[in-house]
Q: 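Here it is, the structure in full.
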Amino acid sequence: MKVLIFNGSPRLNGNTRTALVALKEEIQEKIPDAETELIDADRKNVSGCINCDACKHNGGECVQEDDTVEIIQKIYDAEILIFGSPVYWWGITAKLKLIIDKMYSKSEQLSKIKKKVGVICVGMAELTDPEYKLITDQFQCICDHLNWGMVFSEAFVSENPESLKKNKEKLTEIKELHRKFM
């Protein structure tokens with residue numbers, strides 16, 4: 001089983017990455033045969049889709065010279081995808097959105113293979129704020145379009161950029177999300 005985790009946060013010591021690392025470690029412990037990889041979106045060179053549609057005529061490969069082909073192949077190969085992002089202006093980070101947009105290059109192939117998807121978003125607003133629903137709805141639309149299954153979309157509130165590290169109860173809750181893939 002291949003699990004691919006995307007960290008949309010530019011903060012490598014921030015709440016989103018803390019949550020994703022905790023979940024990754026739990027998956028590795030509880031599902032030892034799972035091959036897990038965490039990709040920091042901010043560390044990848046991914047340019048925006050220019051809608052040239054060359055990918056629709058060449059088997060699904062983006063023609064831009066960046067990390068897109070490698071990342072999209074990893075998405076294609078994974079059975080489980082987990083996307084994590086802090087909330088930026090009622091949505092996910094731009095860098096994570098670039099990666100999602102580039103899934104267009106192989107969307108026909110991606111829609112033919114089943115995947116399980118999880119989403120973790122971290123914001124400062126109360127959980128009743130519509131920003132979390134907007135992100136969940138976006139991922140649900142993507143899953144519906146590609147015939148994938150959304151296993152979970154969870155939001156967590158943080159008081160500051162590193163507050164999750166000190167919140168053992170929330171980290172335990174995050175770690176338990178691995179059960180939803182079983």
Side-chain angles (χ1 to χ4, degrees), residues 3-25 27 36-51 62 64 66-68 70-72 74-75 78 80-107 110 115-146 148-167 169-171 173-175 177 180:
V3 180
L4 188 59
I5 303 169
F6 286 99
N7 171 33
S9 177
R11 289 190 177 134
L12 296 183
N13 292 315
N15 289 313
T16 302
R17 193 166 201 281
T18 296
L20 295 172
V21 167
L23 182 54
K24 178 182 185 250
E25 289 171 354
I27 290 169
T36 61
E37 180 179 0
L38 190 145
I39 293 176
D40 293 304
D42 204 52
R43 302 297 183 254
K44 292 295 182 178
N45 176 24
V46 179
S47 52
C49 178
I50 58 172
N51 199 28
C62 180
Q64 295 187 55
D66 61 12
D67 295 332
T68 297
E70 171 195 345
I71 291 169
I72 299 306
K74 288 179 184 225
I75 291 171
I80 294 174
L81 300 169
I82 301 169
F83 297 93
S85 182
V87 179
Y88 276 24
W89 203 248
W90 295 279
I92 60 174
T93 60
K95 200 66 180 244
L96 185 58
K97 181 67 166 79
L98 284 174
I99 290 171
I100 291 167
D101 287 349
K102 289 297 195 78
M103 290 187 337
Y104 171 78
S105 65
K106 216 173 196 68
S107 59
L110 289 171
K115 298 199 179 294
K116 295 178 181 179
V117 175
V119 178
I120 292 177
C121 53
V122 181
M124 291 183 72
E126 294 299 320
L127 291 177
T128 56
D129 194 275
E131 62 192 25
Y132 304 111
K133 183 177 180 336
L134 290 168
I135 292 170
T136 296
D137 289 350
Q138 178 183 21
F139 277 98
Q140 187 61 61
C141 287
I142 292 166
C143 287
D144 290 348
H145 177 72
L146 294 172
W148 294 353
M150 174 105 84
V151 176
F152 68 81
S153 181
E154 297 290 336
F156 298 91
V157 177
S158 66
E159 301 82 41
N160 62 59
E162 294 187 17
S163 63
L164 271 183
K165 287 180 184 175
K166 300 171 190 159
N167 191 330
E169 183 179 309
K170 287 293 178 198
L171 286 174
E173 186 180 333
I174 290 164
K175 288 177 181 182
L177 293 172
K180 297 191 181 224

Q: Can a donor-acceptor pair be found, under 3.5 Å and without considering hydrogens, that links the side chain of K116 to the backbone of K180?
A: no
Q: Would you name the heavy atoms of K102 and D66 that are closest together and state the gap between them?
A: NZ-OD2, 3.3 Å
Q: With rounding to the nearest 0.5 Å, note down the distance linking OG1 in T18 to CG in N167.
A: 11.5 Å
Q: So F83 and F139, would you call those rings parallel, tilted or perpendicular, with 30° and 60° as cut-offs?
A: tilted
Q: What are the two closest heavy atoms between S85 and I92, and how far apart are they?
A: OG-CA, 3.4 Å
Q: For W148 versus V117, what's the shortest heavy-atom pair and its separation?
A: CE3-CG2, 3.7 Å
Q: Has the side chain of T93 got a donor or acceptor atom that lies under 3.5 Å from a matching backbone atom of G8?
A: yes
Q: Are the side chains of E25 and V21 in contact, using a 4.5 Å heavy-atom criterion?
A: yes
Q: Grab the two heavy atoms, one from C121 and one from Y132, that are nearest each other, plus how far apart they are.
A: SG-CD2, 3.7 Å
Q: For the atom pair NZ (K166) and CG (N15), what is the distance rounded to the nearest 0.5 Å?
A: 10.0 Å
Q: Consider only side-chain N and O atoms of D67 and N45, and report whether a donor and an acceptor are under 3.5 Å apart.
A: no
Q: Working note: D129 + W90, criterion side-chain contact (heavy atoms from CB on, under 4.5 Å); need CA distance, chi angles, decisive distance, verdict.
A: CA-CA 9 Å; D129 194 275; W90 295 279; 4.1 Å; yes
Q: Using a distance-only test with no angle check, is there a side-chain donor-acceptor pair under 3.5 angstrom linking T136 and S153?
A: yes
Q: Apply side-chain contact (heavy atoms from CB on, under 4.5 Å) to residues I174 and E154 and explain how you reach the verdict.
A: CA-CA 9 Å; I174 290 164; E154 297 290 336; over 6 Å; no
Q: I82 and L177: side-chain contact (heavy atoms from CB on, under 4.5 Å), yes or no, with the steps?
A: CA-CA 11 Å; I82 301 169; L177 293 172; over 6 Å; no
Q: Using 0.5 Å steps for rounding, measure from the CG atom of L4 to the CD1 atom of I71.
A: 9.0 Å
Q: For the side chain of Q64 and the backbone of G48, is there at least one donor-acceptor N/O pair under 3.5 Å apart?
A: yes
Q: Search all heavy atoms of G123 against all heavy atoms of V87 and return the closest pair with its distance.
A: CA-CG2, 4.0 Å
Q: Does M103 reach the side chain of L146, with side-chain heavy atoms less than 4.5 Å apart?
A: yes
Q: Rounded to the nearest 0.5 Å, how far apart are CD1 of I99 and CD1 of I72?
A: 7.5 Å
Q: Minimum heavy-atom separation for A125 to E131, with atom names?
A: CB-OE2, 3.3 Å
Q: Drop me the distance from I27's CD1 to K175's NZ, to the nearest 0.5 angstrom.
A: 12.0 Å
Q: What do the steps show when you test I75 against K106 for side-chain contact (heavy atoms from CB on, under 4.5 Å), and what is the final call?
A: CA-CA 10 Å; I75 291 171; K106 216 173 196 68; over 6 Å; no
Q: So do the side chains of I5 and L23 get within less than 4.5 Å of each other, counting heavy atoms only?
A: no
Q: Drop me the distance from I120's CD1 to F152's CZ, to the nearest 0.5 angstrom.
A: 5.0 Å
Q: Is there a donor-acceptor pair under 3.5 Å between the side chain of D40 and the backbone N or O of D42?
A: no
Q: Flag the pair E70 and K44 as a salt bridge only when some basic side-chain nitrogen lies within less than 4.0 angstrom of an acidic carboxylate oxygen.
A: yes
